[in-house]
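The structure displayed is predicted, hence computed values, not measured ones. Heads up: numbering here begins at 1 and tracks the sequence.
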Amino acid sequence: MPLIESRLSSSVVRTLSLRRLTWERAAQKKLDILNRLRSRLAIDLSNYRESTLESSFSERIFAELFDYTTLFSSASSNFEIYPKRYAGRDTQGRKHYDDFSIGVFDSNQSRVVVTVELKGPKADLDKAQGKPGDKKYEGKSPTEQAIATAELFGECEWIVVSNFSEIRLYKSGDNNWSARAFLDHVRNRDDLALLLAHFDRRALIGMSSQKRTNSGGVEGELLMTIDKLHPAQPIAKPPDGHRLVLRSGPNCVDPHPLFMVESAMRIAIKSTQEELARFINNGLFNSIDANNIRLRAHNGWLSTEGHSQTNDASIKIAVSRYLEVAVSFALPGHHIAMEPRGEGNCVFPTVHHAAVQLFFLLLREIVVHAGGSLNPGDDGSKTQIEAELLDAQELEWHDREFDKFQGTNHSSIPKSQSDVVRAGPFELKGVQWIKATAIRIMQELGVYFRSEEGGLLLDYNKLESKFWKLGPMI
């Protein structure tokens, strides 16, 4: 069973996960909390009252792990966890309370953003409790109880249901879960970052309540995943092709003004195009007119797109206030090969796949430096890089001659068996590692392309020698 199943935009979720990998300073402490939870769940907790377990769970998991403030942990009058909040009466006149609400609360205002329903460690979240007509559970499952309570709150945006091991997230008004995770499966920093990207304070209610004005809205980062027009979303799926998405984590803690981001973006696009033009002829990179860039601003991001008639490929570049860079490419065909084979064969060459990765890595490097110096305490040498192929089901990779172990010879063409193939996250240690990182990404992606003999194990030295024309740039 996977750590987390998510029906939200995987590309945007990965962007949010990279933020946690970069910013989280208490990762080991939080992993220790989950280790203790796993130990407790391994013993019999049936002798403990559910209310006793709820109190400890909300304090440890929601306050310490997910960073929501309680009445006594907050340094101001604002707090974010409100236990046993009254939601209202249903059509039968019965009162409804949740186990606790998450939102913005103080003596003057109250806004519920998330309602939480907790059940015992062995509870089935989909099994009806009690019988129809009883006063306590009404014959509804824990999930149905939580949804009914959320409807009474009205303004509630998200619903969380948990039995201390499994935790689910629902968008208000949708009876199908958006994400579900198993807390006892979290083992490392990558797992933790993915969990936090779905359930922590930044994800569901946004910045700390102490920094909000009374009139300010509450907007968690996870809303990015359901905004189809958000710049962090990858470029639209091509009608007959696949997509390559490359992203980097944040390069600062405090957000930059958008005018600085725009300036950095314009400089970076022009400089990267000029640098790559020295070594490879690829109309895709020049499909965005560096002297007449049209940028779209939305929710702290800037983005631009271009399309190349030469190779029927498209590009989307997006940069955030935190100098996160996301570049996605819509590429033709369902084949990757070192060289196109045969007339009319729609193949995007491997050398161009390598070039677009170098384009992204070089662009990111220039954006960061053109965007101004890093904040005090920031460490640009620990930038996290990820790549993924989308729409990759049955995508073929023909470069068997560059397999490290040619003895297998791959009697059939290696294919992807998944719609999403991901490489990383990798830690980019500096500009001198750009080419090495690009080749490493290709090696990691290649292993997911399988034939009966195994994965496509691309040889670093063979790739490097083939891409000699790209070598001088780094």
* With side chains defined as the heavy atoms from C-beta onward, is the minimum distance between L18 and E386 less than 4.5 Å? -> yes
* Hey, does the side chain of H230 reach the backbone of I226 with a donor-acceptor pair shorter than 3.5 angstrom? -> no
* Asked: Measuring from L358:CG to T272:OG1, what's the distance to the nearest 0.5 Å?
  -> 11.0 Å
* Asked: Would you say V245 and R14 make side-chain contact, with heavy atoms under 4.5 Å?
  -> no
* Structure fact -> W177 meets the ring pair (Phe, Tyr, Trp, His ring centres under 6.0 Å) criterion, sequence neighbours left out, with none
* Please determine, by modelled atom types, if S9 and Q233 share a side-chain donor-acceptor pair under 3.5 angstrom. => yes
* **F426 ring center near W433 ring center (under 6.0 Å)** => no
* To do: Work out which heavy atom in I288 is nearest to a heavy atom in I269; give both atom names and the distance.
  => CG2-CG2, 4.5 Å
* Structure fact -> Closest non-hydrogen atoms of V325 and F360, given as atom of the first, atom of the second and distance, are O-CE1, 3.5 Å
* To do: Show the numbers, then the answer: is there a side chain to side chain contact (heavy atoms under 4.5 Å, CB included) between F66 and V160?
  => CA-CA 13 Å; F66 295 150; V160 171; over 6 Å; no
* **Heavy-atom check, side chain of N299 versus side chain of E219, under 4.5 Å** => yes
* So does K29 pair up with E64, basic N to acidic O under 4.0 Å? -> no
* Work out which heavy atom in Q273 is nearest to a heavy atom in A290; give both atom names and the distance. => OE1-CB, 3.2 Å
* For residues D391 and P238, determine if any side-chain heavy atom of one lies less than 4.5 Å from a side-chain heavy atom of the other. => yes
* Structure fact -> Of L244, I439, I434, the one forming a side-chain contact (heavy atoms from CB on, under 4.5 Å) with Q357 is L244
* Locate the shortest heavy-atom distance separating A313 from P332; write the atom from each residue and the value. => CB-CD, 4.1 Å
* To do: Please name the pair of heavy atoms, one in I205 and one in G103, separated by the smallest distance, quoted to 0.1 Å.
  => CD1-O, 4.0 Å
* **Spacing of CG belonging to L246 relative to CZ belonging to F359, to within rounding of 0.5 Å** => 10.5 Å
* What's the shortest heavy-atom distance between L195 and A181, and which atoms? -> CD1-CB, 3.7 Å
* Side-chain contact test, heavy atoms from C-beta onward, threshold under 4.5 Å: evaluate it for S248 versus L428 and give yes or no. => no
* Listed partners of A264 passing side-chain contact (heavy atoms from CB on, under 4.5 Å), at least two apart -> A370
* To do: Examine distances only and state if a side-chain atom of Y170 and a backbone atom of N176 form a donor-acceptor pair shorter than 3.5 Å.
  => no
* For the pair S416 (side chain) and A392 (backbone), establish whether a donor and an acceptor sit closer than 3.5 Å, ignoring hydrogens and angles. => yes
* To do: Using atom types as modelled and distance alone, determine if a side-chain donor or acceptor of D67 lies under 3.5 Å from a backbone N or O of R201.
  => no
* Quick one: list whatever passes side-chain contact (heavy atoms from CB on, under 4.5 Å) with R266, sequence neighbours left out. => E262, I293, L295
* Side-chain donor or acceptor of S141 paired with backbone N/O of E144 under 3.5 Å -> yes
* Structure fact -> Distance col, row D200:CG vs L222:CG, nearest 0.5 angstrom, shows 9.5 Å
* Asked: More than 12 heavy atoms of other residues, nucleotides or ligands under 6.0 Å from CZ of R243: is that the case?
  -> yes
* To do: Please work out whether the ring planes of F449 and W397 are parallel, tilted or perpendicular, with thresholds of 30° and 60°.
  => perpendicular
* Structure fact -> Rounding to 0.5 Å, atoms CE (M224) and CG (L8) come to a distance of 11.5 Å
* Using atom types as modelled and distance alone, determine if a side-chain donor or acceptor of R38 lies under 3.5 Å from a backbone N or O of D184. => yes
* **Test side chain to side chain contact (heavy atoms under 4.5 Å, CB included) applied to R247 and E388, step by step** => CA-CA 9 Å; R247 66 179 69 88; E388 62 184 1; 2.5 Å; yes
* To do: Dump the intermediate steps for side chain to side chain contact (heavy atoms under 4.5 Å, CB included) on Y448 and L389, then the final yes or no.
  => CA-CA 11 Å; Y448 290 98; L389 286 166; over 6 Å; no
* Keeping the roles fixed (side chain from S162, backbone from E166), state whether a donor-acceptor pair exists under 3.5 Å. => yes
* **Under 3.5 Å: donor-acceptor pair, side chain of R19, backbone of P250** => no
* Are V114 and F62 side-chain neighbours, meaning at least one heavy-atom pair lies under 4.5 Å? -> no
* Please examine the side chains of I413 and H335, heavy atoms only from C-beta on, and report whether any two atoms are closer than 4.5 Å. => no
* Structure fact -> dist S17:OG -> D190:CG (nearest 0.5 Å) comes out at 7.0 Å
* Okay, side chain of E305, backbone of K316: is any donor-acceptor separation there less than 3.5 Å? -> no
* Should the pair K270-E274 be classified as a salt bridge under the 4.0 Å nitrogen-to-oxygen rule? -> yes
* Indicate yes or no for a side-chain donor-acceptor contact from K415 to the backbone of E394 under 3.5 Å, with no hydrogens or angles considered. => no
* To do: Step by step, work out the side chain to side chain contact (heavy atoms under 4.5 Å, CB included) result for L37 and R60.
  => CA-CA 9 Å; L37 173 66; R60 294 292 175 266; over 6 Å; no
